[in-house]
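Chain letters run A, B, ... following the sequence lines, proteins first and then strands; every chain starts at 1. Only a predicted model underlies this, so the values are computations on that prediction, with no experimental measurement involved.
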2 protein chains.
Amino acid sequence: MADKPEISRKAVYRLSIYSRCLEQLIDDGRELVSSTALAAAAGVKSSQLRRDLAYFGQFGMRGKGYQVEGLYQAIREGLGSDRESLKPVILVGAGNLGRALLCYDGFRKEGFEVKAVFDVAADELRDHGIQVPLFHEREMLEFVRENKINMAILCVPAEAAAEVVADLVAAGIQGILNFSPAVLKVPKSVVVSQVDLASELENLSYFISQKKIFEE
Amino acid sequence: MADKPEISRKAVYRLSIYSRCLEQLIDDGRELVSSTALAAAAGVKSSQLRRDLAYFGQFGMRGKGYQVEGLYQAIREGLGSDRESLKPVILVGAGNLGRALLCYDGFRKEGFEVKAVFDVAADELRDHGIQVPLFHEREMLEFVRENKINMAILCVPAEAAAEVVADLVAAGIQGILNFSPAVLKVPKSVVVSQVDLASELENLSYFISQKKIFEE
DNA sequence: TAGATTGTTAATCGATTAACAATC
DNA sequence: TAGATTGTTAATCGATTAACAATC
């Protein structure tokens, strides 16, 4: 077992960004890149980039930089995204946002596939042109266990979130990408990413108005 | 002009969460709440909650707690969300994700209204049942200026992001909620919130697999 | 008053950055 | 070799938390 490297959520997030920047460089036919150039593309300081890479190992050539292809592979491997197979996820809550995300192709591009959708009103949703198997939420536990799913995308209304999360945890889900505007209570072993669209807008709005006050 | 209070993005984000928790308490008919109870609902430490509130002023009663309604109003005011009028935003990029977000009702609930959608392929999209005025991107600059829009939701493909952002900035946009998997280069005066759905999933996936390694 | 809880300070913790020796 | 750039340490910065005096 490897020694705990103590890598933070934020650092892993940045490593995803670096990997995307490297894809771009590969497309551009670049062979080498310096930490300064890659950091600029990713919008970070070069020392931060080098430190982030150090979590996974040493990949550079002093005086030269990094081999684009090699560094890309190293980060993909470090992140555990082998790309061999799509990782299965489920989506819960087929309201406006949930159905929207089903159409989003970005998940597949990054190696994830939505295997099924669950909703309390599955029957009424039959004819919404949903391209993914649609079930009632009561079938969720069995599906998750049988298909060894460990990630869920949660798009239910805030009021419903607590109950659904309890079910997901009971079924053995390990990670939740949460779009419900609710604070989830989960065991420490379950990882949650909160995507709070309205709060993000509110955040922008606050800093815009602050700026205005300073300008006047 | 008020003294710069040095409030961080993260603290403002948490204040949005507190305000939502307080709405719940109002619905429940609660009159008073302690920092401990509210912090628990928001998933933070009570000392952090009290410190966050201190950015906006003093609202509590020692020995008693906070008046739910009063604290709610204070935070709404501090955040500048007067609720009188919906704040206008535009959405750029009417692909799968963009059209999806148009259906999302959460923005309106938090006080934002999408006034128009822009896309390079506006003509081909006419019949997709889009409920919001739809224009070609070339009309964006004029629309933004005439309607004094200062926020945009960006959902264009990564390749198109840089050019669109330059146009948005030129038009006077102050804040961008960015769903494009691209690192945006903007002047310091423009605020960006990055929502990177694929990287969020990748992040979850990494920590789930780490956990597995430890368990074995 | 005694008990409870705030507002705020000081201590801690973690993340970022500058700097530079190592080395290609 | 001289120039460039990495990998890593040490310094800095900022955010979180514990603790407690103030006070209802």
Side-chain angles (χ1 to χ4, degrees), chain A residues 3-18 21-22 25 30-72 74-75 78 183 188 194 203 207, chain B residues 3-18 21-22 25 30-72 74-75 78 183 188 194 203 207:
Chain A
D3 249 34
K4 200 180 178 185
E6 290 288 359
I7 183 166
S8 69
R9 298 277 309 254
K10 278 169 100 171
V12 171
Y13 188 87
R14 286 192 300 266
L15 284 156
S16 292
I17 310 293
Y18 305 150
C21 293
L22 287 163
L25 292 171
R30 293 282 304 276
E31 305 247 309
L32 284 174
V33 68
S34 69
S35 61
T36 311
L38 182 54
V44 303
K45 290 259 156 71
S46 68
S47 50
Q48 180 159 66
L49 166 66
R50 294 197 301 275
R51 189 173 241 285
D52 288 339
L53 296 180
Y55 287 118
F56 289 160
Q58 301 187 176
F59 311 107
M61 298 170 292
R62 285 165 200 247
K64 288 268 185 296
Y66 302 84
Q67 286 208 257
V68 171
E69 180 69 34
L71 183 59
Y72 175 72
I75 295 180
V183 179
K188 280 193 310 301
Q194 182 75 28
N203 203 285
F207 286 99
Chain B
D3 248 33
K4 200 180 178 186
E6 290 290 358
I7 184 166
S8 70
R9 299 278 306 254
K10 279 169 99 171
V12 172
Y13 189 87
R14 285 191 300 266
L15 284 156
S16 293
I17 309 293
Y18 305 150
C21 294
L22 287 163
L25 292 171
R30 293 282 305 275
E31 304 247 308
L32 283 174
V33 67
S34 69
S35 61
T36 312
L38 182 55
V44 302
K45 291 258 155 71
S46 68
S47 49
Q48 179 159 68
L49 166 65
R50 294 197 300 273
R51 189 173 240 285
D52 287 339
L53 296 180
Y55 287 117
F56 289 160
Q58 302 187 177
F59 311 108
M61 299 171 290
R62 286 166 199 245
K64 288 270 186 293
Y66 302 85
Q67 286 209 256
V68 170
E69 180 69 36
L71 183 58
Y72 174 72
I75 294 179
V183 179
K188 280 192 311 298
Q194 182 75 28
N203 202 286
F207 286 99

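Under 4.0 angstrom from either OP1 or OP2 of dT8(C) there lies at least one side-chain N or O belonging to Gln58(B). Considering only side-chain N and O atoms, Ser35(B) lies under 4.0 angstrom from the phosphate OP1 or OP2 of dT6(C). Considering only side-chain N and O atoms, Tyr66(A) lies under 4.0 angstrom from the phosphate OP1 or OP2 of dG7(D). The side chain of Arg9(A) contributes no N or O atom lying less than 4.0 Å from OP1 or OP2 of dA15(C). The side chain of Ser34(A) places no N or O atom within less than 4.0 Å of a non-bridging phosphate oxygen (OP1 or OP2) of dT5(D).
Note: NZ (Lys45(B)) to C1' (dA15(D)) measures 13 Å, nearest angstrom.
Side-chain contact check for Arg50(A) and Ser46(A): at least one donor-acceptor pair (N or O, by modelled atom type) lies under 3.5 Å.
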Listed pairs, N/O of protein and of nucleotides 9-12 of chain D, under 3.5 Å:
unit_1: dA10(D); atom_1: N6; unit_2: Arg51(A); atom_2: NH2; d: 3.4

Protein N or O to nucleotides 20-23 of chain C N or O, pairs below 3.5 Å:
unit_1: dA22(C); atom_1: N3; unit_2: Arg62(A); atom_2: NH1; d: 2.8

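For Asp52(B) (side chain) and Leu15(B) (main-chain N/O), no donor-acceptor pair under 3.5 Å exists by modelled atom type.
Summarising the local packing, CD of Glu69(B) is surrounded by more than 12 heavy atoms from other residues, nucleotides or ligands at distances under 6.0 Å.
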For DNA chain C, just give me the dot-bracket, please: Watson-Crick or G-U, both distances below 3.5 Å, ( ) intra-strand, [ ] crossing earlier pairs, | paired with another strand, . unpaired. ..||||||||||||||||||||||
